[in-house]
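Contents: one structure, followed by commentary.
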There are 2 protein chains.
Amino acid sequence: MKNKNWGGLRKGAGRKVGSGVYGERTKVIRVPESRVYDIRDYLARTQSSNIVEFLSIENNLNTNPRVLFEHKVAAGFPSPADDHAEKKLDLNDYLIGQKETTFFVRIKGDSMIDASIHDGDIVIIDRSRQAKIGDIVLASIDGDFTVKILSNQGGRPRLLPANEKYRPIDIKKDTTFEIWGTVTGAVRKFK
Amino acid sequence: MKNKNWGGLRKGAGRKVGSGVYGERTKVIRVPESRVYDIRDYLARTQSSNIVEFLSIENNLNTNPRVLFEHKVAAGFPSPADDHAEKKLDLNDYLIGQKETTFFVRIKGDSMIDASIHDGDIVIIDRSRQAKIGDIVLASIDGDFTVKILSNQGGRPRLLPANEKYRPIDIKKDTTFEIWGTVTGAVRKFK
DNA sequence: ATTTTGATTAATGTTACAATATTCAAAATG
DNA sequence: CATTTTGAATATTGTAACATTAATCAAAAT
């Protein structure tokens, strides 16, 4: 092992404060042995809790079909005004399957960012759809709501964040757990 | 202080295991600083819980044999939105400002992924809105359409991808360049 | 353009430590 | 006789310290 003459210290080097999974400094506390895993789960799920508000669907939905351009148009852009044979799209039609079983949730935080669900997004939830492993679901754990990927671990539910900075949440037998619906879409407004 | 010749060790003396407040052995765990108080609270709360649980064991997800979790479920509300939602939402109203000047474009590729616009997304474009520096715009460069962040460089337009794997696009003088509208939103369907 | 490099600094799980509390029965106390 | 005092040992409990791993930077190498 010979020393190369590069690498080593320079200003700004060294790990940064808050670069751990919690994004802040930590502290050690003493807890009863039997509660260790319980507390870790509680921490994991509250750290990645990501529901801001619930929104129910409007009773009388407006229809507003607009032109959708799906392909690159090589020879000039057809004016959005002269929609001769253009495909038209209505957002409610596109995003909502059954309006009777659909509602919305506004998301906060970045625990689902790798599933392209971002801070401030509104996700669309259909409670009539049967959740399958791998689906993004709205679930409640001891009354706390969260949107996560449904998985399982040894026959018990496990909720996966879509961000490696967050930890999976294992649902134990004596935990109150419920799946309220599957996430079928997401919308976002810019600025 | 003189030693008396009584007191001291005898068999059975010494503090007993489990004689602390938790009645069992303890362990130290590391938790985020901001959660310390909260966790102590959670510990105390759940330890001294004397709430009679009106919960039943049910099979959730009962139509898919691959997913069968046994767990407690809350005595059910049909939808959490019924219970928690104050507002109602119509996606057309939420996402579309000027309906006459709005159209949609489906996005291909990942060049705008850091602006949370993903492959397959449909973006909402309003051509009545004056594009400003920093806006996400639909532009055409010599007839090729692209969605990028509008910037400038030495008085000439520059289009920035939101993905470091892609290069900024500088618009030269003899290039046909047009801005067709600003991106006001994006929607995505899952699966 | 990407990978390798090494000194430094932080994160993280565990152990160690210091101070306090508990326990016992014999002896002292009243 | 009932209660209090006594001291060595052992546990509890909060915190400090430690070891290992991870992250960070820009120069040099590839």
Side-chain angles (χ1 to χ4, degrees), chain A residues 1-49 109-111 113-114 153 158-170 172, chain B residues 1-49 109-114 148 151 153 158-170:
Chain A
M1 295 284 156
K2 64 259 174 154
N3 253 31
K4 308 295 170 54
N5 60 341
W6 67 96
L9 177 66
R10 57 215 66 215
K11 71 178 194 300
R15 190 168 183 165
K16 294 287 185 289
V17 171
S19 63
V21 295
Y22 296 120
E24 61 174 301
R25 287 184 184 281
T26 58
K27 202 169 181 305
V28 292
I29 62 173
R30 189 176 287 277
V31 299
E33 222 164 38
S34 67
R35 306 295 306 278
V36 169
Y37 290 102
D38 174 26
I39 289 166
R40 286 202 211 282
D41 280 347
Y42 173 71
L43 250 182
R45 78 167 192 257
T46 50
Q47 288 289 116
S48 64
S49 172
D110 59 354
S111 70
I113 203 158
D114 290 343
Q153 167 75 356
R158 167 179 273 189
L159 295 177
L160 302 176
N163 183 337
E164 62 176 14
K165 291 274 177 199
Y166 293 80
R167 301 175 184 204
I169 304 161
D170 285 310
K172 299 207 295 286
Chain B
M1 31 189 79
K2 64 264 175 140
N3 254 31
K4 309 294 171 54
N5 61 342
W6 67 96
L9 178 65
R10 57 217 66 217
K11 71 177 196 297
R15 189 168 184 166
K16 293 288 186 288
V17 172
S19 64
V21 295
Y22 298 121
E24 61 173 305
R25 288 185 184 282
T26 58
K27 204 170 180 305
V28 293
I29 61 175
R30 190 176 286 277
V31 299
E33 223 164 36
S34 67
R35 306 296 307 278
V36 169
Y37 191 84
D38 169 33
I39 289 166
R40 295 228 167 97
D41 221 45
Y42 171 73
L43 256 178
R45 197 167 69 231
T46 53
Q47 195 162 234
S48 62
S49 173
D110 60 353
S111 71
M112 290 297 285
I113 203 159
D114 290 342
K148 294 284 179 298
S151 173
Q153 168 74 355
R158 164 181 274 192
L159 296 179
L160 303 176
N163 184 338
E164 63 177 14
K165 295 206 181 297
Y166 293 78
R167 307 298 195 84
I169 304 164
D170 285 308

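The chains referred to below are lettered A, B, ... by the order of the sequence lines, with proteins before strands, and numbering in each begins at 1.
- With hydrogens and angles ignored, the 3.5 Å screen pairs no side-chain donor or acceptor of A:E33 with any backbone N or O of B:E24.
- Note on the helix from C:dA1-D:dT30 to C:dG30-D:dC1: terminal axis deviation equals 10°, with five pairs used at each end and the result rounded to 10°.
- For A:D41, the salt bridge (charged side-chain N to carboxylate O under 4.0 Å, His left out) test picks out A:K172, with sequence neighbours left out.
- The distance from atom OH of B:Y22 to atom P of C:dA21 is 16 Å, rounded to the nearest whole Å.
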Return the polar atom pairs (N/O with N/O) between nucleotides 17-20 of chain D and the protein under 3.5 Å, or none.
none

Could you go over nucleotides 26-30 of chain C and give all protein N or O partners under 3.5 Å, atom names and distances?
from: C:dA26; atom 1: O4'; to: B:R10; atom 2: NH1; distance (Å): 3.2

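- Under the side-chain contact (heavy atoms from CB on, under 4.5 Å) criterion, B:R15 pairs with B:S19, not counting sequence neighbours.
- Distance check: A:I169 CD1 to A:S48 OG gives 3.5 Å after rounding to the nearest 0.5 Å.
- Once rounded to the nearest 0.5 Å, the distance linking CG of A:D110 with NZ of A:K165 reads 10.0 Å.
- With sequence neighbours left out, A:R30 forms a side chain to side chain donor-acceptor pair (under 3.5 Å) with B:T26.
- No contact: B:R40 has no heavy atom under 4.0 Å from any strand.
- In this structure B:Q153 satisfies the side-chain contact (heavy atoms from CB on, under 4.5 Å) test together with B:R158, B:D170, sequence neighbours excluded.
- For B:R35, the salt bridge (charged side-chain N to carboxylate O under 4.0 Å, His left out) partners two or more places apart in sequence, or in a different chain, are B:D38.
- Judged as a side-chain contact (heavy atoms from CB on, under 4.5 Å), and not counting sequence neighbours, the contacts of A:A162 are A:M112, A:D114, A:A115, A:I149.
- Between the P atom of D:dT12 and the NZ atom of B:K27 lies a distance of 15 Å, rounded to the nearest Å.
- Residues that satisfy the side chain to side chain donor-acceptor pair (under 3.5 Å) test with B:S111, not counting sequence neighbours, are B:K148.
- The CZ atom of B:R25 sits 12 Å away from the P atom of D:dT13 (whole-angstrom rounding).
- Taken from CD1 in A:I39 to CG in B:L43, the straight-line distance is 4.0 Å, to the nearest 0.5 Å.
- The CD1 atom of A:I29 sits 14 Å away from the P atom of C:dT14 (whole-angstrom rounding).
- Considering only residues two or more places apart in sequence or on other chains, A:V36 meets the side-chain contact (heavy atoms from CB on, under 4.5 Å) condition with A:V31, A:R40, B:K27, B:I29.
- Side-chain atoms of B:N163 never come within 3.5 Å of backbone atoms of B:I113 as a donor-acceptor pair (strictly under, hydrogens ignored).
- Distance, A:E24 CD to C:dA10 P: 16 Å, rounded to whole Å.
- The stretch residues 11-21 of chain A touches DNA chain C through A:G14, A:R15, A:K16, A:V17, A:G18, A:S19, A:G20, A:V21, each having a heavy atom within less than 4.0 Å of the strand.
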